[in-house]
Amino acid sequence: MAASFSSTSGHPGFPACSLQPLTPTAREFAPADAEVSNGVIDATFVTHAIPDISPNSGIVGLCTVPAERAGMDDLGWHLADFLAWKALLCGETHPNAQTWMALCDVANIVNANSELYAHGKDRRIVSGAAVASSYTDEDGNIQQRADGIKVQPDAEKLRADFIIALSEKLKIAQTKGYPLVIIVCGPTTIEQDIFFGKTEVQHCLGSNVIRHVLGNDADAIVVTPALFSAGWQVNPNFCRKPARKVAADRTEFLAKQFGGVFAKEHVGTFLEWTSPLLDCDRVDKKERRNLFPGPAMPNDEQKKTSIALKIKLHSALAGRLSAGHGDHSFYFEAKTDDWESLIGPRKHQPLSYYLQKWAKLGEGSTNMTEPGRFGFLGNAFGGNRTSQLNHIRHLVNESFVAWPGYWRLLMGRNVKKMLKTFLMDQTPDSRLCHEIFNVMEHRATSAVLADMILECFDLPKPYEVRCRDWDESRWLHEASDMDRQAATKTYGEITRYIPGVYVPPGVNHNHFSPIQVALQVPVSYMSVALCFRYLTRSPDLRMEAVKRIYQFLEEIKVRQAVLLLGDSEVQEMCTTWLRSIHMPIRTVDDALAIVKSAGTPAEAAAASNELVLQNSDIRAKTGGMAPRDVSSKQPAEAGPSTSQTAQAEPIDWLDGLPEDAKKLLPKIDPEEAIQLISRVRENIVQELVSGKPGTLEESRSKLAKVQEVLTTLQKEAQKRKEIEDAASGSKERTKSESTPTKPCSSGVDWERGMEQKTPTTTPKPDGYVPPHLRHTAKKSVKSPEQGKLDAVPFRLSNSPTRQTPVRSTDKESLSFTPRSLQRETRETEENRTPKDYVPPHLRGLPQSRAAGGGT
């Protein structure tokens with residue numbers, strides 16, 4: 001209703017009210033606290049079941065596959081999907097309520113080999129849906145439905161026709177109050193953007209543009225292919241928030257939509273002592289001292305079950321925790337009906353009705369040779385290795401269209417270089433394909449996470465665009481120093497809450513690999529949004545909002561763990577793994593109760609830290625860490641080995657360790673142990689900062705224990721350095737610092753690594769001058785011999801450890817080594833040179849010439 005206006009205010013356009021002066025009631029401006037919305041904002045989910053479609057709906061079907069890519073070894077599986085949807089919806093609405101359009105001639109392509117385009121595991125022949133269907137009217141006459149496929153080979157014209165069809169169908173639907181159903185088969189994005197023919201920005205129709213065409217109040221259901229698993233992504237409320245109360249809560253939808261962002265933490269939780277199905281109460285305390293359950297050297301069966309569980313956990317999360325994420329087929333069973341469990345009871349045709357229609361379709365031959373495929377993808381994306389590889393390439397190309405400013409930054413350019421190398425490789429390794437797939441899933445889902453956090457916390461969108469479309473480099477150029485400083489502090493906090501990419505088994509973690517570094521654009525996007533919301537002069541409010549975001553994400557992770565435990569395949573694989581390592585198993589109900597009540601990720605991390613702390617304390621009792629390989633050769637003058645000395649002493653506590661652990665103790669890497677204990681210490685410090693008052697005393701005790709272990713290791717490093725120095729002597733040490741020596745044993749390498757971490761008190765020679773003061777010392781301390789050098793300037797090279805002087809005719813070298821050491825070294829070399837020494841370049845000449853004589 002329009003507001004009424006009055007002229008009593010003295011200014012036209014002001015509402016009728018009594019004018020009063022503004023009286024501030026607060027001492028300072030303070031925005032409202034960050035509160036998260038409890039309602040469902042986005043009900044998108046992945047499913048294998050057909051949505052609940054009203055018989056009065058308008059339907060628009062679109063296939064964006066070009067003719068040159070319509071083969072089953074490329075994008076042909078989209079054609080099979082397109083015809084499968086058309087077959088299921090044929091005759092379910094008004095004869096003129098459906099519009100189907102395609103970029104290629106689907107009918108001719110599929111009819112040429114209908115067996116090849118069979119759909120699903122049961123291989124149903126869907127080629128019959130490629131032609132227009134007929135029906136019998138009330139008078140008994142046969143009429144043709146207006147559901148024939150309209151072919152438009154021009155991508156630009158097809159996009160225009162699609163928008164026109166949406167507008168026409170929407171007018172009819174809104175007039176009668178009916179919903180609009182949009183089904184897209186072809187390359188898309190996780191935000192349900194549509195690519196027409198090519199994965200390029202000029203061929204993309206964004207979902208925000210489609211919403212603008214339909215309007216904010218349109219009742220529309222959009223179906224697109226799932227991007228990271230089998231099945232389809234359904235948004236039952238594409239243009240607006242859910243108008244009715246849905247069956248699932250906000251956390252349930254977000255846990256599914258956040259996919260594999262937290263896969264790294266979940267895999268670690270399920271395969272460590274914190275595994276919810278592992279009954280730790282029945283495990284011996286001595287055995288729990290190990291870093292992880294099971295033997296230190298697992299056999300082949302244990303490795304196989306562990307790898308299978310890791311792949312399954314990530315695939316389930318990437319598949320949005322939907323049933324059958326590796327099977328691209330329609331499901332018609334009520335127990336797998338995601339619509340019923342997430343949205344609510346079906347109001348129209350049940351799934352059993354569509355099952356009858358599906359059963360009437362012909363079955364294809366089952367004698368076809370099983371094509372080779374990637375095991376982690378199942379039969380998704382065409383079901384053969386070539387089509388699945390092309391889909392992974394689409395994910396890479398689709399990422400190039402997103403985050404325009406990121407690719408102009410240095411990190412973005414390095415990532416793009418590596419990804420383009422992958423695109424040019426015609427036969428990439430399976431592990432590399434798996435790694436790229438995980439990276440693309442993590443990056444795309446991180447952008448969704450950022451968008452949903454802004455929606456849930458009602459934060460402003462930077463530049464009024466999605467995270468996918470945000471230009472970070474533009475903001476960095478336009479923002480003030482104060483804005484950038486405020487965003488940087490918030491950025492550092494949020495980064496800690498989002499783990500990095502989970503790399504698949506068989507791929508090593510590489511901190512220097514650009515593609516394994518988590519995409520930081522979503523974190524920067526959220527940081528800037530918080531600065532816009534709370535201004536740059538409200539740091540406390542921003543950090544309080546960051547804390548609320550952390551609690552919000554923890555709630556999501558707990559729900560994901562609950563949903564993983566509810567997956568029967570995850571239960572079976574986890575149980576199989578625990579049996580293989582001979583660990584006690586608790587029931588699923590008990591595991592679910594623990595996760596829901598006290599099994600939060602924070603407490604799981606605390607329990608893991610406790611176990612690591614116990615293990616580290618045991619190692620410290622040896623008097624130090626053994627080198628990487630004690631079997632490597634030690635120099636004769638190196639003196640007695642510390643590890644051998646420790647082994648010679650009686651060690652009673654070794655009796656409580658398993659035999660496998662005893663064998664590995666001499667080969668423990670001390671650097672890795674120190675890094676691990678340092679991480680534990682950082683976690684405990686964080687517990688002290690943000691912990692509850694009742695847990696502070698326990699955290700302080702843990703911190704003191706960790707610090708004691710680190711101090712012991714540092715003392716041992718110092719002891720080893722002193723032993724090494726005493727054996728080799730100061731002259732040999734000086735020589736080793738100035739000239740490269742042949743590779744030492746691993747024990748010496750370890751000592752050098754410890755020298756970098758622990759300050760030493762090695763005595764310096766007489767006349768020693770620090771490297772950064774040697775030039776100054778030469779110019780300030782003058783002698784008769786140095787008088788000639790006053791006029792000789794020095795030119796510093798780019799190397800931080802080397803300075804090159806201008807060439808001089810002085811006999812004495814212009815080195816930064818103290819002159820007393822130069823003379824001592826020169827005298828030593830003269831004493832070692834034999835009297836009949838012949839330089840190498842003169843050794844082939846007669847002795848008269850070698851001696852300097854002439855002929």
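Heavy-atom basis, side chains included; hydrogens, waters and symmetry copies ignored.
Every residue two or more places apart in sequence or in another chain was checked for a salt bridge (Lys or Arg N to Asp or Glu O under 4.0 Å) with Arg385, and none qualifies. Legend: residues meeting ring-ring contact (aromatic ring centres under 6.0 Å, His included) with Phe376, ordered by chain and number and at least two apart, are Phe374, His434, Phe437. Residues forming a salt bridge (Lys or Arg N to Asp or Glu O under 4.0 Å) with Glu435 (at least two apart in sequence, or on another chain): none. Looking at residues two or more places apart in sequence or on another chain, you find a salt bridge (Lys or Arg N to Asp or Glu O under 4.0 Å) between Asp429 and Arg431. Here His442 pairs with nothing under the ring-ring contact (aromatic ring centres under 6.0 Å, His included) rule; sequence neighbours left out. When the salt bridge (Lys or Arg N to Asp or Glu O under 4.0 Å) test is applied to Arg124, the partners found at least two apart in sequence or on another chain are Asp122, Glu363.
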Donor-acceptor contacts under 3.5 Å from residues 161-174 side chains, at least two apart:
residue, atom, partner, partner atom, Å
Ser167, OG, Ile163, O, 3.1
Lys169, NZ, Thr99, OG1, 2.8

Return all side-chain donor-acceptor pairs below 3.5 angstrom for residues 195-202, not counting sequence neighbours, or 'none' if the list is empty.
residue, atom, partner, partner atom, Å
Thr199, OG1, His394, ND1, 3.2
Glu200, OE1, Gln202, NE2, 2.7

Atom pairs and distances, side-chain donor-acceptor, residues 82-90, under 3.5 Å, sequence neighbours left out:
residue, atom, partner, partner atom, Å
Lys86, NZ, Ala129, O, 3.0
Lys86, NZ, Asp147, O, 3.0

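Closest heavy-atom contact between Lys241 and Val40: CB-O, 4.4 Å.
Ring geometry for Trp358 versus Phe332: interplanar angle of 30 to 60°, hence tilted. Classified by interplanar angle (parallel below 30°, tilted 30° to 60°, perpendicular above 60°), the ring pair Trp407/Trp403 is tilted.
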For this session: Apply salt bridge (charged side-chain N to carboxylate O under 4.0 Å, His left out) to the pair Lys461 and Glu464, showing each step before the final yes or no.
Result: CA-CA 5 Å; Lys461 295 182 179 180; Glu464 294 298 325; over 6 Å; no
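Listed by first and then second residue, the salt bridge (charged side-chain N to carboxylate O under 4.0 Å, His left out) pairs that reach into residues 88-98 are Glu92-Lys357, sequence neighbours excluded. Among residue pairs with one or both ends in residues 206-232, those qualifying as salt bridge (charged side-chain N to carboxylate O under 4.0 Å, His left out) are Asp219-Arg240; sequence neighbours excluded. Residue pairs that meet the salt bridge (charged side-chain N to carboxylate O under 4.0 Å, His left out) test with at least one member in residues 61-79, sequence neighbours left out, are Arg69-Asp74.
Atom CD of Glu572 has 12 or fewer neighbouring heavy atoms from other residues, nucleotides or ligands inside a 6.0 Å radius.
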